[in-house]
Protein chains: 2
Amino acid sequence: MYKTKTISIAFKQHNHNACWGNAMQAAQEYCDKHKLKFTPARRKVLELLLSEHRALGAYKILDLLREAGFKSQPPVAYRALEFLVENGFAHKIERLNAFVACTLHGTEHSPTFMICRQCENVAETYSPASNLNLSESAEASGFKIEQTIIEARGVCNSCAKTEIL
Amino acid sequence: MYKTKTISIAFKQHNHNACWGNAMQAAQEYCDKHKLKFTPARRKVLELLLSEHRALGAYKILDLLREAGFKSQPPVAYRALEFLVENGFAHKIERLNAFVACTLHGTEHSPTFMICRQCENVAETYSPASNLNLSESAEASGFKIEQTIIEARGVCNSCAKTEIL
DNA sequence: TATTATTACGTTATAATATTGCAATAGGAG
DNA sequence: CTCCTATTGCAATATTATAACGTAATAATA
Ligand SMILES: [Zn+2]
Ligand SMILES: [Zn+2]
Ligand SMILES: [Zn+2]
Ligand SMILES: [Zn+2]
């Protein structure tokens with residue numbers, strides 16, 4: 001677990017070990033600063049989500065928590081996930097009923113997810129221009145947008161290569 | 001049911017009776033043309049979805065089917081919904097685990113939904129420009145987008161007026 | 001028409017996802 | 001320490017969705 005091997009995130013090569021460590025450290029610092037309790041269960045769930053750039057379902061997380069010696073009733077996972085999502089450390093991918101660690105924490109952002117339908121890796125990007133367009137058209141009808149989530153489904157580069165044609 | 005009263009769709013005033021009738025007729029014609037079986041359950045579910053511009057959960061639909069004299073085991077609703085979604089007559093709103101009738105049927109479209117968090121009305125619009133931007137940035141990382149869904153959450157005009165401040 | 005294949009339906013059961021309620025406990029503020 | 005609040009432990013339950021399988025209806029073929 002937490003190998004140094006570079007894996008594809010945002011379907012790009014990167015040093016995932018550093019990626020993981022930076023994110024955990026940033027989370028710790030953010031919690032310290034905002035007096036949030038980064039309890040063992042919350043920390044562990046974030047570690048699990050960060051271990052790969054894939055979406056994990058709540059019950060998968062629950063299994064992993066149990067393996068790690070935590071209690072394993074559903075609320076354990078759901079409460080930790082709620083904390084992480086509320087504080088911007090993770091996002092829920094609605095299409096998958098699953099969760100990913102946020103790769104853009106701290107910045108105010110409307111996330112766009114690119115979800116590979118084959119490997120279920122999830123890349124998160126900003127979506128600045130598009131949201132702007134959307135806001136304008138919404139305002140025309142008096143709708144006030146508070147949050148926008150874009151979920152794009154497709155195939156990543158490496159899965160496309162191995163696809164049966 | 002199916003009153004003539006104009007209600008807010010896309011959070012705009014319109015003659016919903018005509019809106020409903022046109023959509024049902026278009027669905028019938030599309031099914032005739034494509035040799036799709038527009039069976040009573042499928043028709044009824046589309047009628048229900050079209051009766052308001054709100055998202056309905058599968059079990060709510062199931063209740064309404066039962067009231068209308070249909071069988072009421074979950075597969076009855078899910079099968080009809082699957083048919084409607086597959087053929088573009090309805091969309092699933094993932095955030096709500098619920099379904100809305102498509103208001104842009106026939107046109108190839110990547111839907112954008114504006115979902116009022118208060119009344120749960122759902123307006124569907126195109127999202128042309130934004131998808132273009134997205135495709136470009138996706139291609140840069142080798143990700144091939146097949147489908148994009150944008151779900152914007154907020155408050156509609158009329159709910160905003162009544163909101164507790 | 002008879003034969004075969006396909007599609008849809010009826011029914012039961014169960015899986016997968018998520019929440020509620022309440023008692024017990026742990027940490028901080030005063 | 002004591003009060004207060006946030007968090008946890010635990011049991012039950014709610015909600016959403018699918019699997020499995022036989023039957024009936026329809027379509028395609030002969
Ligand atoms: Zn990484
Ligand atoms: Zn992939
Ligand atoms: Zn209407
Ligand atoms: Zn509203």
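Chain letters run A, B, ... following the sequence lines, proteins first and then strands; every chain starts at 1. Values in this document were obtained by computation on a predicted structure and should not be read as measured data. What's counted below: heavy atoms across the whole structure, side chains too, no hydrogens, waters or symmetry copies.
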Just jot down the side-chain contact (heavy atoms from CB on, under 4.5 Å) partners of [X], sequence neighbours excluded, or say none.
| X | result |
| --- | --- |
| B:Ala18 | B:Asn15, B:Asn22 |
| B:Glu120 | B:Arg54, B:Leu96 |
| A:Gln147 | A:Ile149, B:Arg95, B:Arg153 |
| B:Lys37 | B:Thr39, B:Arg42 |

> Relative to the 5' end of DNA chain C, which residue comes earlier, A:Lys37 or B:Lys71, by the nucleotide with the nearest heavy atom?
Replying inline: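 The residue whose closest nucleotide sits nearer the 5' end is B:Lys71.
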
Output the rounded distance in Å from [atom1] ([X]) to [atom2] ([N]).
| X | N | atom1 | atom2 | value |
| --- | --- | --- | --- | --- |
| A:Arg42 | D:dT7 | CZ | C1' | 7 Å |
| A:Leu36 | D:dA6 | CG | P | 12 Å |
| B:Gln73 | D:dA19 | CD | P | 17 Å |

>> Taking side-chain hydrogen bond (donor to acceptor under 3.5 Å, both in side chains) as the definition, give me every residue that meets it alongside A:Arg117, ordered by chain and number, with sequence neighbours left out.
In response: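 Testing A:Arg117 for side-chain hydrogen bond (donor to acceptor under 3.5 Å, both in side chains), a comparison that skips the adjacent residues, returns A:Glu163, B:Glu146.
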
>> Reading DNA chain C in the 5' to 3' direction, which nucleotide is the first one with an atom under 4.0 Å from a heavy atom of chain B, and which is the last?
In response: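 Counting from the 5' end, contacts occupy C:dA8 to C:dT12.
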
> Can you check whether A:Glu47 reaches A:Trp20 side chain to side chain, under 4.5 Å on heavy atoms?
Replying inline: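 Counting from C-beta outward, A:Glu47 and A:Trp20 do come under 4.5 Å.
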
>> Is the shortest side-chain heavy-atom distance between A:Val122 and A:Met114 below 4.5 Å?
In response: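 SC-SC contact between A:Val122 and A:Met114 ruled out.
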
> the helix from C:dT1-D:dA30 to C:dG30-D:dC1: angle between its terminal axes, five pairs each, to 10°?
Replying inline: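 Comparing the first five pairs with the last five, the axes sit 40° apart.
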
> Any chain of hydrophobic side-chain contacts (each under 4.5 Å) joining B:Leu46 to B:Leu48?
Replying inline: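 Yes.
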
> What pairs with B:Tyr30 under ring pair (Phe, Tyr, Trp, His ring centres under 6.0 Å), at least two apart in sequence or on another chain?
Replying inline: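 B:His34, B:Phe89, B:His105.
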
>> For A:Phe113, give me all partners under ring pair (Phe, Tyr, Trp, His ring centres under 6.0 Å), at least two apart in sequence or on another chain.
In response: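 Only A:His91 meet the ring pair (Phe, Tyr, Trp, His ring centres under 6.0 Å) criterion with A:Phe113.
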
Please list every donor-acceptor pair under 3.5 Å in which a side-chain atom of residues 61-85 of chain B meets a protein atom from a residue at least two apart or in another chain.
from, atom 1, to, atom 2, distance (Å)
B:Asp63, OD1, B:Arg66, NH2, 2.9
B:Arg66, NH1, B:Ser72, OG, 2.8

> Heavy-atom contacts under 4.0 Å between residues 83-101 of chain B and DNA chain C, which residues?
Replying inline: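 Hits under 4.0 Å, by residue number: none.
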
>> If you take any heavy atom closer than 4.0 Å to DNA chain D, which residues from residues 74-81 of chain A end up in contact?
In response: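 Heavy-atom cutoff 4.0 Å gives A:Pro75, A:Arg79.
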
>> Nearest 0.5 Å, please: how far is SG in A:Cys159 from NZ in B:Lys144?
In response: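 SG of A:Cys159 is found 12.0 Å from NZ of B:Lys144.
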
>> Can you tell me how far apart NE2 (A:His16) and OG (A:Ser51) are? Round to the nearest 0.5 Å.
In response: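 With rounding to 0.5 Å, NE2 (A:His16) is 6.5 Å from OG (A:Ser51).
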
> Under 3.5 Å, is there an N or O donor on one side and an acceptor on the other linking the side chain of B:Tyr59 and the base of D:dA14?
Replying inline: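 In this structure, the two groups form no donor-acceptor pair.
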
